[in-house]
Amino acid sequence: MDKVDNTAKRSLFEQSRPVIGLFAKQPVPGQVKTRLTPPLKPDQACRLYQTALQETLAILCSSGVPVTLCYAGEHRWFRQNFPGQTLLAQVGEDLGTRMTRAVEELFAVGFGPVLLAGSDSPDLPASRVVDVLAHLAETDVVTVPSDDGGYAVIGLRRPTTAVFATIPWSTAGVQDAIRLRCRQLGLSYAETASWYDLDDMEDLRRLVTRSPASRTARQIASELSALL
């Protein structure tokens, strides 16, 4: 886990009320990490997802930015498994709509800038969050690109949620579409250094090699070594 420059962090936070919305699903076998099944069994993929979610949340919290867990599933499950964590239900039929609603609600209660993250980057350096915030001081939209053509984090300085329209979610064209959408809307755009997602078996192998101390990597090495 990266150490974060607390001096830089304080100066950024004193000028704003940033928040991270972490998008998460209730771990149910057959409904999470489905691109890994097979070779993983549904229950193995479910345990992997839950561990990655818990580790991602811990890393994001270590950045010092408040985290709201934007959940899909039973409120009771999230309340029991993440006691004391701020929760916000996802609302909408598609990802773009759910992200739009989450951003609007977080800005409406006084937060901003708003960052959104997923649970597929359990070894994301906490310093990336500070990098995004630094760019958002002068930029409308900032992303941490991921190696699969998507992003690990996206940040909005203002509730310019039109950026989420017409994006081909869950494809390799997400990042290019966001860049184009920002140009169409006249929004300034920046990227930090990229990071990695967990989408296929090669991604799992790379995580184990890249971050062997990661809780998710240790689980992969322990439970899934025969598949690596």
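Numbers for residues simply follow the sequence, beginning at 1. All values below come from the heavy atoms of this structure, side chains included, with hydrogens, waters and symmetry mates left out.
Note: Arg35 CZ to Leu40 CG = 13.5 Å, rounded to the nearest 0.5 Å. Distance check, rounded to the nearest 0.5 Å: NZ of Lys41 to CG of Leu36 gives 15.0 Å. Atom CG of Asn81 sits about 7.0 Å away from atom CD of Gln54, to the nearest 0.5 Å. Atoms CD and CD1, on Gln44 and Ile220 in that order, are 11.5 Å from each other to the nearest 0.5 Å. Rounded to the nearest 0.5 Å, atoms CD (Glu138) and OG (Ser188) are 9.0 Å apart. The structure places OG1 of Thr51 at 7.0 Å from CD of Glu223, a figure rounded to the nearest 0.5 Å.
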Could you pull out all donor-acceptor pairs under 3.5 Å where a side-chain atom in residues 156-166 meets a protein atom, sequence neighbours excluded?
unit_1 : atom_1 : unit_2 : atom_2 : d
Arg157 : NH2    : Asp140 : OD1    : 2.8
Arg158 : NH2    : Asp140 : OD1    : 3.0
Thr160 : OG1    : Arg158 : O      : 3.3

Pairs under 3.5 angstrom only: tabulate donor-acceptor contacts from the side chains of residues 107-123 to other protein residues two or more places apart or in another chain.
unit_1 : atom_1 : unit_2 : atom_2 : d
Ser119 : OG     : Tyr49  : OH     : 3.4
Asp120 : OD1    : Lys33  : NZ     : 2.8
Ser121 : OG     : Tyr196 : O      : 2.7
Ser121 : OG     : Asp197 : OD1    : 3.1
Asp123 : OD1    : Trp195 : NE1    : 3.0
Asp123 : OD1    : Arg210 : NH2    : 3.2
Asp123 : OD2    : Arg210 : NE     : 2.8
Asp123 : OD2    : Arg210 : NH2    : 3.1
Asp123 : OD2    : Ser211 : OG     : 2.6

Between side-chain atoms of residues 86-97 and protein atoms elsewhere (two or more places apart, or another chain), which donor-acceptor pairs fall under 3.5 Å?
unit_1 : atom_1 : unit_2 : atom_2 : d
Gln90  : OE1    : Arg98  : NE     : 2.9
Gln90  : NE2    : Ala24  : O      : 3.2
Gln90  : NE2    : Cys70  : O      : 2.9
Asp94  : OD1    : Gly96  : N      : 3.1
Asp94  : OD1    : Thr97  : N      : 2.9
Asp94  : OD1    : Thr97  : OG1    : 3.2
Asp94  : OD2    : Thr97  : OG1    : 2.9

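Not a single donor-acceptor pair under 3.5 Å links the side chain of Gln80 to the backbone N or O of Trp77. No donor-acceptor pair closer than 3.5 Å links the side chain of Gln50 to the backbone N or O of Pro27. A distance-only check finds no donor-acceptor pair linking the side chain of Arg215 to the backbone of Ala52 [under 3.5 Å]. Checking side-chain atoms of Gln85 against main-chain N and O of Val67 turns up a donor-acceptor pair under 3.5 Å. Using modelled atom types, no side-chain atom of Arg218 and backbone atom of Pro212 make a donor-acceptor pair closer than 3.5 Å. In this structure, Ser62 contributes its side chain and Ile59 its backbone to a donor-acceptor pair below 3.5 Å. The closest donor-acceptor contact from the side chain of Thr139 to the backbone of Val141 lies at 3.5 Å or more, if one exists at all. Distance alone, capped at 3.5 Å, places no donor-acceptor pair between the Gln175 side chain and the Pro145 backbone.
The shortest side-chain heavy-atom distance between Leu227 and Met201 falls under the 4.5 Å cut-off. Side chains of Cys61 and Leu57 form a contact here, defined as non-hydrogen atoms less than 4.5 Å apart. Leu48 has its side chain within reach of Thr216: a pair of non-hydrogen atoms, C-beta onward, lies under 4.5 Å apart. Within the 4.5 Å cutoff, no side-chain heavy atoms of Thr56 are placed close to those of Leu53. Looking only at side-chain heavy atoms (C-beta outward), Lys25 and Gln31 stay at 4.5 Å or farther from each other. Residues Val142 and Ile154 fail the side-chain proximity criterion, which asks for heavy atoms closer than 4.5 Å.
Residues Ile167 and Leu185 share a single hydrophobic cluster, defined by chaining ILVMFWY side chains whose heavy atoms lie under 4.5 Å apart. Val132 and Val19 are assigned to two separate hydrophobic clusters, defined by single-linkage of ILVMFWY side chains at heavy-atom distances under 4.5 Å. Hydrophobic clustering of Ile, Leu, Val, Met, Phe, Trp and Tyr side chains at less than 4.5 Å, counting indirect connections, unites Tyr151 with Val103. No single ILVMFWY cluster, assembled from side-chain heavy atoms under 4.5 Å apart, contains both Leu106 and Ile20.
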Arg183 vs Tyr189, test: side chain to side chain contact (heavy atoms under 4.5 Å, CB included). Steps then yes/no. CA-CA 8 Å; Arg183 288 198 298 271; Tyr189 172 78; over 6 Å; no
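Applying the salt bridge (Lys or Arg N to Asp or Glu O under 4.0 Å) criterion to Asp176, with sequence neighbours excluded, gives Arg179. Evaluation of the ring pair (Phe, Tyr, Trp, His ring centres under 6.0 Å) rule for Tyr71 yields His75, Phe78 as partners, not counting sequence neighbours. In this structure, Glu104 has no salt bridge (Lys or Arg N to Asp or Glu O under 4.0 Å) partners at least two apart in sequence or on a different chain.
Between Val153 and the options Leu124, Asp131, Leu22, a side chain to side chain contact (heavy atoms under 4.5 Å, CB included) holds for only Leu124. Considering Leu133, Leu60, Thr192 in turn, Thr192 is the only one that fulfils the side chain to side chain contact (heavy atoms under 4.5 Å, CB included) rule with Arg128.
The minimum heavy-atom distance linking Ser225 with Ser222 is given by the pair OG-O, 4.3 Å. Closest heavy-atom contact between Val129 and Ser63: CG1-OG, 3.8 Å.
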